[in-house]
Amino acid sequence: MSRFWTFLTHVHALSGPVLMLLYPLYASVMAIESPCKLDDEQWLAYWILYSFLTLTEMVLQSILEWIPIWYTVKLVLVAWLVLPQFRGAAFIYEKYVRENLKKYRGGRDRHHSPHTSPNVSSGKGKNKFVQFITPKKGEHEAY
């Protein structure tokens, strides 16, 4: 029984990096190469949520050390975010992140509006740095 338990411990330890990093990395590369936008949203949302989860873990590390099942709970959560059967990352992004962005922006989406330009500053919540690093129309052809 001890060999079996050791085997399960190793599988559990390896499943985290594979599920949280290797598979999402592979799927993200495949999403970039595919013409479908739906998979791009899933993997961008995953990386946003994974970054948020990692930062939260760093801040709450001293508390999470006292929760013995935290790693298993995190593994199950990430499996739900990652697996294509559930598309959890896209779901959370659609339900919570996008809704809060709409509230913050006042219901307008500047990326989809043909009448707004990233160079035009309305003086309301626009960040000059973001405008500086955002490629202007025609700049991406140089790459």
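Here the structure is a predicted model, which means the values were calculated and not measured.
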Out of curiosity, does L53 fall in the hydrophobic cluster containing L83 (side-chain heavy atoms, cut-off under 4.5 Å, transitive links)?
yes

pair Y93-L101: side-chain heavy atoms closer than 4.5 Å:
yes

Do V11 and V76 land in one hydrophobic cluster if side-chain heavy atoms of ILVMFWY residues count as linked below 4.5 Å?
no

What's the shortest heavy-atom distance between R87 and L38, and which atoms?
NH2-CD1, 3.5 Å

What verdict does the side-chain contact (heavy atoms from CB on, under 4.5 Å) test give for F91 and W80, after you've listed the backbone C-alpha separation in whole Å, the side-chain angles of each residue and the deciding distance to 0.1 Å?
CA-CA 10 Å; F91 173 79; W80 180 74; 3.6 Å; yes

Hydrophobic clusters join Ile, Leu, Val, Met, Phe, Trp and Tyr when side-chain heavy atoms are under 4.5 Å apart, directly or via other members; which others share one with V29?
Y26, M30

Run the side-chain hydrogen bond (donor to acceptor under 3.5 Å, both in side chains) test against S15 and tell me which residues pass, sequence neighbours left out.
none

Quick one: do L75 and L21 end up in the same hydrophobic cluster if we chain Ile, Leu, Val, Met, Phe, Trp and Tyr together by side-chain heavy atoms under 4.5 Å apart?
yes

Side-chain heavy-atom pair V97, I48 within 4.5 angstrom cut-off
no

Reported CD1-to-OG distance for the pair I32 and S34, which is rounded to 0.5 angstrom
9.5 Å

Can you list every pair that meets salt bridge (Lys or Arg N to Asp or Glu O under 4.0 Å) and has a residue in residues 70-85, with sequence neighbours left out?
E57-K74

Tell me, do I67 and V73 make a side-chain contact under 4.5 Å, heavy atoms counted?
no

Identify whether L77 and L22 are in the same connected component of the hydrophobic contact network (ILVMFWY, side-chain heavy atoms under 4.5 Å).
no

Cluster membership besides L55, Ile/Leu/Val/Met/Phe/Trp/Tyr side chains within less than 4.5 angstrom, sorted by chain and number, is M58

With sequence neighbours left out, which residue pairs that include part of residues 43-56 fulfil the side-chain hydrogen bond (donor to acceptor under 3.5 Å, both in side chains) condition?
S28-W47

CD1/I92 to CD/E94 distance, rounded to the nearest 0.5 angstrom?
12.0 Å

Nearest non-hydrogen partners of V82 and P24, listed with the distance:
CG2-CG, 4.0 Å

Can you get from I69 to V78 by hopping between Ile, Leu, Val, Met, Phe, Trp and Tyr side chains that sit under 4.5 Å apart?
yes

Of all heavy-atom pairs between D40 and A31, which one has the smallest distance, and what is that distance?
OD1-O, 2.7 Å

Minimum heavy-atom distance between L81 and L49, given as atom pair plus value:
CD2-CD1, 3.9 Å

Here the pair of heavy atoms bringing A89 nearest to A45 is O-CB, 3.5 Å

ring-ring contact (aromatic ring centres under 6.0 Å, His included) with Y71: which residues, sequence neighbours excluded?
H12

